[in-house]
Amino acid sequence: MNSDIRVRFAPSPTGLLHIGGLRTALYNYLFARHHGGTFVLRIEDTDRARYVEEAEQDILESLAWAGLHPDEGPAVISTDEKTSDADATGGEAKNVSRIDYDADAAKGQRPGDTGLGYKGTFGPYHQSKRRERYAAFAQQLIDAGHAYYAYDSVEEIEKMREQLRTPENQNPKYDPQTRMQMRNSLTLSEQEIQELLEEGAEYVVRLKVPGGETVQFDDMVRGSVSFDTDGLDDQVLLKADGMPTYHLATVVDDHEMKITHVIRGEEWLSSAPKHILLYRYLGWEPPAMAHLPLIMSPGGGKLSKRKAEEEGIPVNVRDYRIGHYERDAVVNFLALLGWSPGDDRELLALEEMAEEFTLERVGKSGAIFDFKKLMWFNEHYLRERSDDELAEELMALISERGLPGYDSLESLSEAQKALAGDRKYLSGMVRLLKERVSRLPEFLESGAFFFEAPKEYNEKAVKKGWKDDTPVRITAYRDRISGLNDGDFRAYGLKQILTEIIEAEGIGFGKLMMPLRVAVTGTGSGPDLFETMELLGRDEVVHRLDAAIAKLG
RNA sequence: GCCGCGUUCGUCUAGGGGUCUAGGACGCCGCCCUUUCACGGCGGUAGCACGGGUUCGAAUCCCGUACGCGGUACCA
């Protein structure tokens, strides 16, 4: 299946990729895949002041992590093993033949480019590299009388706003009503303009919005939407620094890149009519538009960095990467935040989602980010993975960060290093802990006792289970198991021995079980104790029992 | 303030005039399983914002109100 459908994800490199941005990217990706179209990545770096050096790299890495590989756009710089096999859509092969290196990018002129290539033939995919185009179209608009030069300083504009501000009009606009009082090419004489130019005065180019018109368009999510042009302002098209604003740049690029469907967040709905006007004045056919509902914070309002942090919700995709969240879980969860396949299915692979995805099934109202549900997805996908695979990832995690309480691999003891490098041991640990952790790093926290004898014992568990006669019984158990051969130190046998002791003593199972658990793991809860002891091994278990008796008396 | 968009269980949603005494999932509660904690299984709790219409019949269509959200920059 193939089609001319082209969509784009066009983030601004003003910060780390936001989780909401990832959802927008995801919906674009799914739409493209569903229709056999093309998914374009474009970097909207027209704001010099807010440019963040590391942002673009983060965007590329985050998309790669999520498995949303653009068909066109700046090339991904580094992909680790996990992300390189992440593309299950088969889009990769198609792209290779299309790689078309952008000359400018190869020179590495801008920070953030680092000499990267681009793939795709509609580049460059950085707006900062397309300045001449915007200027040319701005000029075209001026020539046609749909735009004009404005020389007002920000102070002058602010002054106008203050003077005109009333309770009914709290935010006066630069618009058909006010523009004739301002300093622009509509109000100044030829000579005055000439003088300003000679002085080298700064200017912007503004869109001349018509008065008394209604701009109507059909949004693929919302249906018919209409705005009165009287509510629009004379949007700045070209800024004083020569850079275009979002509005001009996005319209020009979407047209030049042959974007057929603009799928973006609802925060853009209000500016859509300006874009429609621009398409009209430029003589272009506007693309279909779809404005997605916003992702909301549990406390209300758009999920912002601040709000999210207050709620304990990671907001940057990088946080999810670093936190070793399951990417399938994050993607699945995000997909369902505003979209549903129409039936009761909740667990969907990327390919399934692509198959089912349509904009008709996207909801209209904002969706609150439910972190608990995300964790449910995370647990699900975590448990779907094999013990060996998870063990492998844990091994990498440990060599990268050490263990909880230790800040690096170097700070670990030789014994710990040996365990951390033992695939079989790690895999066994994963098997025992898999059902009780939510995220990969938690294996190391919940399973701390697999790397180290307990330094302290959980107070509540001790109080509850460690009685005066406990040491005697633990000792009895210890003596029985210490005599076992390595090959006999197995869960089944260990349980047998315990059963024999409690029967001989005429006590309940838990009477010995609880203190034993405390002695071995330091806690009152956890995975099957006998399996745990088997994995730890005879010497270690005996050692721990001795230590517990010594410490707890 | 103005403009725009929205409103089904606490949350994500199914539902597009009768099949809805509104279905699923997360959460929460209970029971079962069980050496603990979990996993799992079973069951339960809980919702069509409100008011008018239209219609034989409305969660579904229309209008209004309320509430929420977005926009209102030489930011995207």
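A, B, ... follow the sequence lines: proteins, then strands. Residue 1 opens every chain. In what follows, every heavy atom counts, from backbone to side chain, and hydrogens, waters and symmetry copies are set aside.
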> E346(A) has an atom CD; how far is it from atom P of rG23(B), in whole Å?
Replying inline: 16 Å
>> Base, sugar-phosphate or nothing for M243(A)? Non-hydrogen atoms, less than 4.0 Å.
In response: nothing
>> Can you check the distance between rA49(B) and rC12(B), where both ends of the measurement are the P atom (answer in whole Å)?
In response: 14 Å
> Base, sugar-phosphate alone, or nothing: which one does G366(A) contact when heavy atoms must sit under 4.0 Å apart?
Replying inline: sugar-phosphate
> Which part of the nucleic acid, if any, lies within reach of R50(A) when heavy atoms closer than 4.0 Å are counted: base, sugar-phosphate only, or nothing?
Replying inline: base
> Under a 3.5 Å cut-off for both distances, is rU54(B) Watson-Crick or wobble paired, and to whom?
Replying inline: none
>> Applying a 4.0 Å non-hydrogen cut-off, can you work out what F227(A) is touching in the nucleic acid: base, sugar-phosphate, or nothing?
In response: sugar-phosphate
> Counting any heavy atom closer than 4.0 Å, what does D152(A) reach on the DNA or RNA strands: base, sugar-phosphate only, or nothing?
Replying inline: base
>> Just to verify, which of E266(A), R264(A), R222(A) counts as forming a side chain to side chain donor-acceptor pair (under 3.5 Å) with H291(A)?
In response: R264(A)
> Base, sugar-phosphate alone, or nothing: which one does V154(A) contact when heavy atoms must sit under 4.0 Å apart?
Replying inline: base
> OP1, OP2 of rG15(B) versus side-chain N and O of R361(A): anything below 4.0 Å?
Replying inline: yes
> Can you check whether L545(A)'s main-chain N or O pairs, donor with acceptor, with R478(A)'s side chain at less than 3.5 Å?
Replying inline: no
>> What is the distance, to the nearest angstrom, from the NZ atom on K364(A) to the P atom on rU8(B)?
In response: 12 Å
> Between rG23(B) and rU45(B), how far is it from one P atom to the other, in whole Å?
Replying inline: 11 Å
>> Which nucleotide, if any, forms a Watson-Crick or G-U wobble pair with rG16(B), using both distances under 3.5 Å?
In response: none
> What's the verdict on salt bridge (Lys or Arg N to Asp or Glu O under 4.0 Å) for R480(A) and E500(A), showing C-alpha distance, side-chain angles and the deciding distance?
Replying inline: CA-CA 10 Å; R480(A) 288 287 305 274; E500(A) 285 168 27; 2.9 Å; yes
> So what does T46(A) touch, heavy atoms closer than 4.0 Å: a base, only the sugar-phosphate, or nothing?
Replying inline: sugar-phosphate
> So what does R161(A) hit on the nucleic acid, given a heavy-atom distance under 4.0 Å: a base, only sugar-phosphate, or nothing?
Replying inline: sugar-phosphate
>> Students often get this wrong, so: under 4.0 angstrom with heavy atoms, is G265(A) touching a base, only sugar-phosphate, or nothing?
In response: nothing
>> Using OP1 and OP2 only, check whether a side-chain N or O of N171(A) sits under 4.0 Å from rG71(B).
In response: no
> rC5(B) and rA22(B): how far apart are their P atoms, nearest whole angstrom?
Replying inline: 33 Å
>> Nearest to the side chain of S340(A), heavy atoms from C-beta on, is which of rA25(B), rU13(B), rG23(B)?
In response: rU13(B)
> Can you tell me if the side-chain N/O atoms of K372(A) get under 4.0 Å from OP1 or OP2 in rC12(B)?
Replying inline: no
> For E311(A) and rU11(B), what is the distance between atoms CD and C1' respectively, to the nearest whole Å?
Replying inline: 13 Å
> Any idea which of rG1(B), rU11(B), rC12(B) is nearest the D370(A) side chain?
Replying inline: rU11(B)
> Which sits closer to the 5' end of RNA chain B, S271(A) or G223(A), going by the nucleotide each is nearest to?
Replying inline: G223(A)
>> With the threshold set at under 4.0 Å for non-hydrogen atoms, list the residues of residues 431-446 of chain A touching RNA chain B in residue-number order.
In response: E435(A), R436(A)
> Any idea which heavy atoms bring A135(A) and L238(A) closest together, and the distance?
Replying inline: CA-CD2, 4.0 Å
> Given atom CZ of R23(A) and atom C1' of rC12(B), what is their separation to the nearest angstrom?
Replying inline: 12 Å
> At what distance, to the nearest 0.5 angstrom, does CZ of F450(A) lie from OG1 of T532(A)?
Replying inline: 4.5 Å
>> Ring centres under 6.0 Å, that's the criterion: do W339(A) and F357(A) meet it?
In response: yes
> CZ of R179(A) versus C1' of rC74(B): gap in Å, rounded?
Replying inline: 18 Å
> Does rA38(B) pair with anything, Watson-Crick or G-U wobble, both distances under 3.5 Å, and if so, with which nucleotide?
Replying inline: none
> For L498(A) and rU36(B), what is the distance between atoms CG and P respectively, to the nearest whole Å?
Replying inline: 13 Å
>> Heavy atoms only, 4.0 Å cut-off, all strands: where does G301(A) land among base, sugar-phosphate and nothing?
In response: sugar-phosphate
>> Within the 4.0 Å heavy-atom criterion, would you say G508(A) contacts the bases, only the backbone, or no part of the nucleic acid?
In response: nothing
> So what does S226(A) touch, heavy atoms closer than 4.0 Å: a base, only the sugar-phosphate, or nothing?
Replying inline: sugar-phosphate
> Under 4.0 Å: is that the gap between some side-chain N or O of K239(A) and OP1 or OP2 of rC75(B)?
Replying inline: yes
>> Among rC69(B), rU72(B), rA76(B), which nucleotide has an atom closest to any side-chain atom of L294(A)?
In response: rC69(B)
>> Over all strands shown, is P527(A) touching base, sugar-phosphate only, or nothing at heavy-atom distances under 4.0 angstrom?
In response: base
> With a cut-off of 6.0 Å (strictly less than), are more than 12 heavy atoms of other residues, nucleotides or ligands near CZ of R490(A)?
Replying inline: no
> Could you state the CZ-P distance from R264(A) to rG71(B), rounded to the nearest angstrom?
Replying inline: 13 Å
> Does rC31(B) adopt a syn or an anti glycosidic conformation, taking syn as a chi angle within 90° of 0?
Replying inline: anti
> Which part of the nucleic acid, if any, lies within contact of S12(A), taking any heavy atom under 4.0 Å across all strands shown: a base, the sugar-phosphate backbone alone, or nothing?
Replying inline: sugar-phosphate
>> Quick check on rG24(B): is either OP1 or OP2 less than 4.0 Å from any side-chain nitrogen or oxygen of R345(A)?
In response: no
>> Using whole Å, what does the distance between atom P of nucleotide rA73(B) and atom CG of D241(A) come to?
In response: 18 Å
> Side chains of Y148(A) and V205(A): closer than 4.5 Å at any heavy-atom pair?
Replying inline: no
>> Using 0.5 Å steps for rounding, measure from the CD atom of E309(A) to the OG atom of S304(A).
In response: 8.5 Å
> Going from NZ on K372(A) to CE on M375(A), what distance comes out if it is rounded to the nearest 0.5 angstrom?
Replying inline: 11.5 Å
>> Side-chain N or O of S365(A) versus OP1/OP2 of rC5(B): is the shortest distance under 4.0 Å?
In response: no
>> Pick the closest RNA chain B nucleotide for K495(A) and for L374(A) by heavy atoms, then say which residue is nearer the 5' end.
In response: L374(A)
>> salt bridge (Lys or Arg N to Asp or Glu O under 4.0 Å) for E356(A) and R345(A)? Distances and angles first, verdict last.
In response: CA-CA 11 Å; E356(A) 303 295 333; R345(A) 282 176 298 166; 3.4 Å; yes
